[in-house]
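Reading through the structure tokens given below for one structure.
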Amino acid sequence: MKPLYLKITADQIMYSNNENTIDENTYSFNSKLQLKQNLQAFRDEFSDTIDVIVITNPVETILKKNIINYQNQPIDFGSELEDVFHLPVINMKDIEASDLATATANENDYATWHLDYYGIDHGKRQYGQESMQTIGNGYFGLRGTYLEAKACDDNYPATYVAGVFNQLATPINGRNVINEDLVNLPNAQFITFSVDGSDYFKIDERYIKEALRSLDLKTGVLTTTLLIRLIDGRELKVIEKKVADLKNYHNYYLQYSIQPLNFSGEIKIVTEIDASVTNSNVERYRNLASKHLVTDKIENNQQEVTLLAHTSQSKIDIAIKTGISYPNITDPIYAMDNLSNIAHQTITFDAQQNQTYNFEKFVTIYTSLETKKPVEQAANEQEFLANFQAAQAQSQQNWQKIWNQEDVVISGDITAQKLLRLNSFSMTNAAQLNANADLDASVGSRGLTGEGYRGHIFWDELFDMNFYILHTPELVKYLLMYRYNRLKAATLRLMVSVEQCSLGKAVCMVMNNPKKFT
């Protein structure tokens, strides 16, 4: 095994094949180039064959090794180098804990099964990461957003259910412009906290020492870890997890673990089902009408809440039921305070320093498109698994069955292996047999990850069919039925277009040769 040892400074990379002569060679960063371009230039200068890169910088962060400041920003050089060299990147500390071969094998396994983002990003870059870390099951897609986030320029929590579209009219220059969108459903994944009566915590990098979002492709679990320092100096560790149920495809599960690190005090956890949401994921659409949902009713039944709504034009009924659990919180005070379109629940408790407290939330979604029962009845009859641990274990089992069919193993290229698995994961989120058997839906150009192209389904979905035919041929039947069910409408539209075209040609002939037609 041939390692390359690196030491990274603010302006250069020192490197050698021998850990004892680390400053044998240097590459100076070009300030005119972006980091990835610099790393690519460094790779092009390096001609030796290597098997692993070992970073010798000391570990200075908690959540991930190989985080190094570059241009005053903490950068995950491990991931950046892996993306450029397509090789495992480890830290010298990993070797000290085991040996070079074991550390390399461990990193190769981890990196090819995980999509990680370290730190806080902004704007379209953050939006894109949330899309990439979407979890789902063919029925719904749940964007990979911080649980504490609400829609803004940096974060966009959203839930999409296959086939739920709605039309809205926007007055523009004296005429109504009709837009039809895949509807952003009520946000039931919102969870945050406050300490000793302070304001509820929001995602703000001023108060986040470290953040790591990690999607485990093998199990379908998205884990976000935050190390938080509030304005008054109090510090907390928050670990939040999400998992979509592949079997009972209406359900998803959340776990919110909070640990006060340097204080004891009162903690209040708040969670919501927010039906005030709009479609605002795509900047160029934001001047158009975007409020697709009408809230009908919010019902509380002890710690379960059911929110009923419908789409304004397509009249699709929607029911979202949630249940909450907090088994290791002693003497909590539970309260609910519903607004006209937001179901709002809190639990308040006394927290002790260094103790971890778990809050779990279970969510089920029904629409009138896939159930013949009234959606309220269907949601209220739906049962949840006992706890998040059971949901996580079931997800791991279900994904193992999928990977037994879908996984393709590549040797010698860590990046290609990760991307291949990520694409398979995303395709399964967009459509899978268990859900699509009950749906009149196919695969949109953005799957169920966002509102680009308004979530529409185009004919280029046919490019997806080869993947599904290879792994789940029966699923393709249901996807093709979506097209079959629309052939009559498509034929009618084609006929109208032809007639309009013919009429247009006739009008042009008359206008160009008026005497001939008098």
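Residues take their numbers from the sequence shown, with the count starting at 1.
Atom CG of residue Leu422 and atom CG of residue Leu420 lie 9.5 Å apart, to the nearest 0.5 angstrom. Between atom CD1 of residue Ile258 and atom CD1 of residue Ile269 there is a gap of 5.5 Å, rounded to the nearest 0.5 Å. From Lys202, atom NZ reaches atom CD of Glu148 across 12.5 Å, with rounding to the nearest 0.5 Å. Note: Gln73 CD to Asp121 CG = 9.0 Å, rounded to the nearest 0.5 Å. In this structure, CG in Asn423 is found 11.0 Å from CD in Glu406, a value given to the nearest 0.5 Å.
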- Message: Go through it in stages, so that I can follow the logic: the residues are Tyr357 and Tyr326, the test is ring-ring contact (aromatic ring centres under 6.0 Å, His included), and I'd like the CA-CA distance, side-chain angles, deciding distance and then a yes or no.
- Response: CA-CA 8 Å; Tyr357 301 91; Tyr326 30 91; over 10 Å; no
- Message: For a side-chain contact (heavy atoms from CB on, under 4.5 Å) check, start with the C-alpha distance between Lys241 and Ile239, then their side-chain angles and the critical distance, and finish with the verdict.
- Response: CA-CA 7 Å; Lys241 296 184 178 183; Ile239 301 176; 4.3 Å; yes
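Defined by atom type and a distance below 3.5 Å, a donor-acceptor pair is present between the side-chain atoms of Ser314 and Thr311. Under 3.5 Å, the side chains of Asn187 and Thr159 contain no donor-acceptor pair of N or O atoms. Judged purely by distance below 3.5 Å, without hydrogens or angles, the side chains of Glu180 and Asn166 never pair a donor atom with an acceptor atom. Side-chain contact, Asp438 with Asn436: no donor N or O sits under 3.5 Å from an acceptor N or O. For the residue pair Tyr468 and Gln432, no side-chain donor N or O sits within less than 3.5 Å of a side-chain acceptor on the partner. Checked by atom type, the side-chain pair Asp296/His310 shows a donor-acceptor distance below 3.5 Å. Checking Asp216 against Thr219 by side-chain atom types alone, a donor-acceptor pair falls below 3.5 Å. Side-chain polar atoms of Thr367 and Asp317 form no donor-acceptor pair below 3.5 angstrom.
Put simply, the residue from Arg143, Arg213, Lys242, Arg125 that forms a salt bridge (charged side-chain N to carboxylate O under 4.0 Å, His left out) with Glu130 is Arg143. When each of Tyr146, Phe190, Tyr207, Phe193 is tested with Phe201 by the rule ring-ring contact (aromatic ring centres under 6.0 Å, His included), just one qualifies, namely Phe193.
For residues 106-120, the set of pairs meeting the salt bridge (charged side-chain N to carboxylate O under 4.0 Å, His left out) definition, not counting sequence neighbours, comprises Lys64-Asp116.
Asp196 and Lys268 are not joined by a salt bridge, as no carboxylate oxygen comes within less than 4.0 angstrom of a charged side-chain nitrogen.
Of all non-hydrogen atoms in Ser290 and Leu168, the two that sit nearest each other are N-CD1, 3.6 Å.
The aromatic rings of Tyr366 and His250 lie parallel to each other, their planes meeting at an angle below 30°, with 60° marking the opposite boundary. Between Trp113 and Trp403, the two ring planes are perpendicular [angle over 60°; tilted spans 30° to 60°]. Note on ring orientation: taking the six-membered ring where Trp is involved, the planes of Phe458 and His456 are tilted (angle from 30° to 60°).
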Below 3.5 Å, can you tabulate the donor-acceptor pairs from side chains in residues 336-344 to any protein atom, sequence neighbours excluded?
residue	atom	partner	partner atom	Å
Asn338	OD1	His344	N	3.2
Asn338	ND2	Asn300	OD1	2.4
His344	ND1	Glu272	OE2	3.1

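By the 6.0 Å contact criterion, OH on Tyr334 is enclosed, its count of non-hydrogen atoms from other residues, nucleotides or ligands being greater than 12. The environment of Lys237 atom NZ is sparse: at most 12 non-hydrogen atoms of other residues, nucleotides or ligands sit within 6.0 angstrom.
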